[in-house]
Amino acid sequence: MSLSIRNQLPGTVASVTPGEVMATVKVRLNGGQDITAAITLEAAGELGLAEGTAVRALVKSTEVSLSTGPVSGLSIRNQLPGTVTDIATGGAMAAVKISVEGGELTSAITKDAAVDLRLAQGTAVIALIKSTEISLATV
């Protein structure tokens, strides 16, 4: 299956915490970072997710926010440090490629935000991703 989702980070399930309807799944990415995905309990069961399951974390580029420094006091727990490797701007939007340990992310943000953050090749950033915006696929 081919997908239009650019951000596909490989990893391994570290833990699954079931709730009544949703489950939180901690994934250790191949680069060593931990991220959390919040998916339906039904999906976790259908995928057969358990500790050690190989997965890909899928995130649409529009769901990756950027910060130029660490952020505290925020409910977003997935904060991956990286470096801008490329930026392409159009009339209203910018596509920002970020190198993170073990992979690459693309963030689609407004051109104004890219300008305000002074993003350029080599800029250190933190990629912020809500756990509810991460999908998982088994490999």
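Just so you know, residue 1 is the first one in the sequence shown, and it goes up from there.
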Check: Which pairs count as side chain to side chain donor-acceptor pair (under 3.5 Å) when at least one residue sits in residues 13-22, sequence neighbours excluded?
Finding: none
Note to self: Less than 4.5 Å apart, side chain to side chain, heavy atoms only: is that true for Val25 and Ile39?
What the structure shows: yes
Check: Short question: side chain of Ser107, backbone of Val64 - any donor-acceptor pair under 3.5 Å?
Finding: yes
Check: What pair of heavy atoms forms the shortest contact from Arg56 to Val139, and how long is it?
Finding: CG-CG1, 3.6 Å
Check: Heavy atoms, side chains only, cut-off 4.5 Å: are Leu80 and Ile35 in contact?
Finding: yes
Check: If you group Ile, Leu, Val, Met, Phe, Trp and Tyr by side-chain heavy-atom gaps below 4.5 Å, do Val27 and Ile5 land in one group?
Finding: no
Margin query: Using the rule given for side-chain contact (heavy atoms from CB on, under 4.5 Å), can you reason through Leu49 versus Leu136, listing the C-alpha separation, both sets of side-chain angles and the distance that settles it, and then say yes or no?
Written below: CA-CA 10 Å; Leu49 298 181; Leu136 298 175; 3.9 Å; yes
Checklist line | Partners meeting side-chain contact (heavy atoms from CB on, under 4.5 Å) with Thr83 (sequence neighbours left out) | finding: none
Margin query: Thr89: which residues meet the side-chain contact (heavy atoms from CB on, under 4.5 Å) condition with it, sequence neighbours left out?
Written below: Ile87, Ala94, Lys111
Next item on the list: Could you pull out the closest heavy-atom pair between Lys130 and Ile76, with the gap in Å?
Entry: CG-CG1, 3.7 Å
Next item on the list: Considering non-hydrogen atoms only, spot the tightest contact between Leu47 and Thr138 and give its length.
Entry: O-CG2, 3.5 Å
Item checked: Of all pairs that satisfy side chain to side chain donor-acceptor pair (under 3.5 Å), the ones with a partner from residues 28-48, not counting sequence neighbours -> Lys26-Thr36, Arg28-Asp34
Next item on the list: Apply the test side-chain contact (heavy atoms from CB on, under 4.5 Å) to residues Met93 and Thr110: give CA-CA distance (whole Å), side-chain angles for both, the deciding distance (0.1 Å), then the verdict.
Entry: CA-CA 4 Å; Met93 299 296 291; Thr110 64; 4.2 Å; yes
Next item on the list: Using side-chain contact (heavy atoms from CB on, under 4.5 Å) as the criterion, list what pairs up with Thr85, not counting sequence neighbours.
Entry: Lys97, Ser99, Glu104
Checklist line | Closest non-hydrogen atom pair, Leu29 against Ala57 | finding: CD2-CB, 4.5 Å
Next item on the list: Heavy atoms only: give me the nearest Ala127-Leu66 pair and the separation to one decimal.
Entry: CA-CD2, 4.1 Å
Check: Pick one: which of Val100, Leu119, Val96 meets side chain to side chain contact (heavy atoms under 4.5 Å, CB included) with Val125?
Finding: Leu119
Checklist line | Side chain Asn7, main chain Leu58, donor-acceptor under 3.5 Å | finding: no
Next item on the list: Please lay out, stage by stage, how Thr12 and Thr53 fare under the test side-chain contact (heavy atoms from CB on, under 4.5 Å).
Entry: CA-CA 5 Å; Thr12 303; Thr53 304; over 6 Å; no
Check: With sequence neighbours left out, what residues match Gln79 under side-chain contact (heavy atoms from CB on, under 4.5 Å)?
Finding: Val71, Leu74, Ile126, Leu128
